[in-house]
Amino acid sequence: MLSNKRIQELELVMEFEKVEECFKEVSSWIENVGRKRLKETINLDDSLEMLLQTQKQFREFDLIASEYCRRGQEALKRMDRWEDFSSVDVHSYRVKLQTYKDQLEEFCTQLDEERHRICETVRLYEFFDKVRQGICCMEESVKN
């Protein structure tokens, strides 16, 4: 049994090394592109027109970012079996895996929050734009 467990651990280490390339690519994109682009959307513009432009740009970024999130999550699923192993030999791999998992979860959460924030801000600006137009129409009616 001990020999079988050791063989399984070695197989997982070999699988980890194959999957790690995907983790590294996703992690690198998150750090070098994803986080920077999310920071760019922190300050939203004051006009509906500019806000709609920002939303359009964010949607383009969101498609790419969501693909990286999906790829990272698929790679993590391939490594779910790591939870069953607790030997010292696989500990360093588990630490790396947890680091990738934490980074991916944090980024995907931030992406979701930013998507929601932009959408809600656009809806709010559209509402205020309609109210403003309604007030202008009422003022014109009163003048006539």
Side-chain angles (χ1 to χ4, degrees), residues 1-140:
M1 284 180 64
L2 191 58
S3 176
N4 285 344
K5 186 167 178 110
R6 182 70 179 145
I7 289 171
Q8 287 177 336
E9 288 175 356
L10 290 173
E11 288 171 351
L12 279 175
V13 168
M14 290 181 347
E15 185 177 347
F16 180 84
E17 289 173 355
K18 290 177 188 174
V19 174
E20 187 175 29
E21 201 57 41
C22 177
F23 288 141
K24 286 181 178 179
E25 182 183 342
V26 170
S27 178
S28 175
W29 185 88
I30 287 172
E31 291 305 316
N32 297 321
V33 179
R35 292 196 193 285
K36 290 177 184 175
R37 289 290 304 271
L38 281 178
K39 286 180 183 176
E40 290 172 3
T41 61
I42 287 177
N43 296 321
L44 297 175
D45 292 310
D46 289 338
S47 73
L48 179 58
E49 183 181 315
M50 293 302 293
L51 189 57
L52 289 171
Q53 181 67 27
T54 300
Q55 184 182 39
K56 180 183 177 196
Q57 291 170 354
F58 182 80
R59 283 183 178 155
E60 293 167 3
F61 162 73
D62 188 29
L63 286 173
I64 296 166
S66 294
E67 177 62 22
Y68 275 97
C69 288
R70 185 193 60 76
R71 287 174 53 202
Q73 290 164 346
E74 285 177 0
L76 286 172
K77 280 184 182 178
R78 290 176 58 188
M79 303 309 298
D80 279 347
R81 296 185 301 159
W82 279 86
E83 295 172 9
D84 299 336
F85 294 92
S86 59
S87 77
V88 173
D89 294 336
V90 297
H91 178 72
S92 64
Y93 294 98
R94 289 178 63 136
V95 169
K96 283 182 182 180
L97 188 63
Q98 188 62 48
T99 301
Y100 289 129
K101 184 178 182 178
D102 293 345
Q103 179 193 40
L104 183 66
E105 286 177 357
E106 178 188 358
F107 178 75
C108 292
T109 298
Q110 289 174 344
L111 183 65
D112 289 342
E113 289 171 353
E114 196 61 20
R115 184 185 309 117
H116 179 73
R117 183 177 79 94
I118 290 173
C119 181
E120 289 301 309
T121 304
V122 166
R123 287 179 51 201
L124 185 63
Y125 271 69
E126 287 173 339
F127 171 76
F128 284 131
D129 195 50
K130 287 179 184 177
V131 168
R132 185 182 53 76
Q133 289 174 3
I135 290 172
C136 288
C137 290
M138 281 182 31
E139 287 176 350
E140 281 185 28

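One is the number of the first residue; the rest follow in order along the sequence.
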Neighbour count above 12 (heavy atom, 6.0 Å) for N32 CG: yes

Short side-chain to backbone donor-acceptor contact, R117 and I42, under 3.5 Å: yes

R35 vs E106, salt bridge (Lys or Arg N to Asp or Glu O under 4.0 Å): CA-CA, chis, key distance, verdict: CA-CA 10 Å; R35 292 196 193 285; E106 178 188 358; 3.7 Å; yes

Intermediate values then yes/no, salt bridge (Lys or Arg N to Asp or Glu O under 4.0 Å), D62 and R59: CA-CA 5 Å; D62 188 29; R59 283 183 178 155; over 6 Å; no

Pairwise ring pair (Phe, Tyr, Trp, His ring centres under 6.0 Å) hits with a residue in residues 104-139, at least two apart: W29-F107

R78 CZ to C22 SG distance, which is reported to the nearest 0.5 Å: 8.0 Å

Straight-line distance of K96 NZ to S27 OG, nearest 0.5 Å: 12.0 Å

Residue pair K24, E21: steps toward the salt bridge (Lys or Arg N to Asp or Glu O under 4.0 Å) verdict: CA-CA 5 Å; K24 286 181 178 179; E21 201 57 41; 5.2 Å; no

Minimum heavy-atom distance between G34 and F61, given as atom pair plus value: O-CZ, 3.7 Å

Side chain to side chain contact (heavy atoms under 4.5 Å, CB included) against I135, all qualifying residues, sequence neighbours excluded: V131, E139

Any donor-acceptor N/O pair, S28 side chain to E25 backbone, under 3.5 Å: no

Reported CZ-to-SG distance for the pair R71 and C69, which is rounded to 0.5 angstrom: 11.0 Å

Distance (rounded to the nearest 0.5 Å) between E20 CD and M79 CE: 9.5 Å

Test side chain to side chain donor-acceptor pair (under 3.5 Å) applied to E31 and Q103, step by step: CA-CA 9 Å; E31 291 305 316; Q103 179 193 40; 2.7 Å; yes

Electrostatic pair E74-K77, nearest N-O below 4.0 angstrom: no

Salt bridge flag under 4.0 Å for residues E15 and K18: no

More than 12 heavy atoms from other groups under 6.0 Å of CD on E49: no

CA sep, side-chain torsions, deciding dist, call: K130, E126, salt bridge (Lys or Arg N to Asp or Glu O under 4.0 Å): CA-CA 6 Å; K130 287 179 184 177; E126 287 173 339; over 6 Å; no

Residue of the set L104, V26, L111, I30 for which side-chain contact (heavy atoms from CB on, under 4.5 Å) holds with Y68: V26

Separation between CG of L44 and CZ of F58, rounded to the nearest 0.5 Å: 10.0 Å

Nearest heavy atoms of L48 and D129, plus distance in Å: CD2-OD2, 3.9 Å

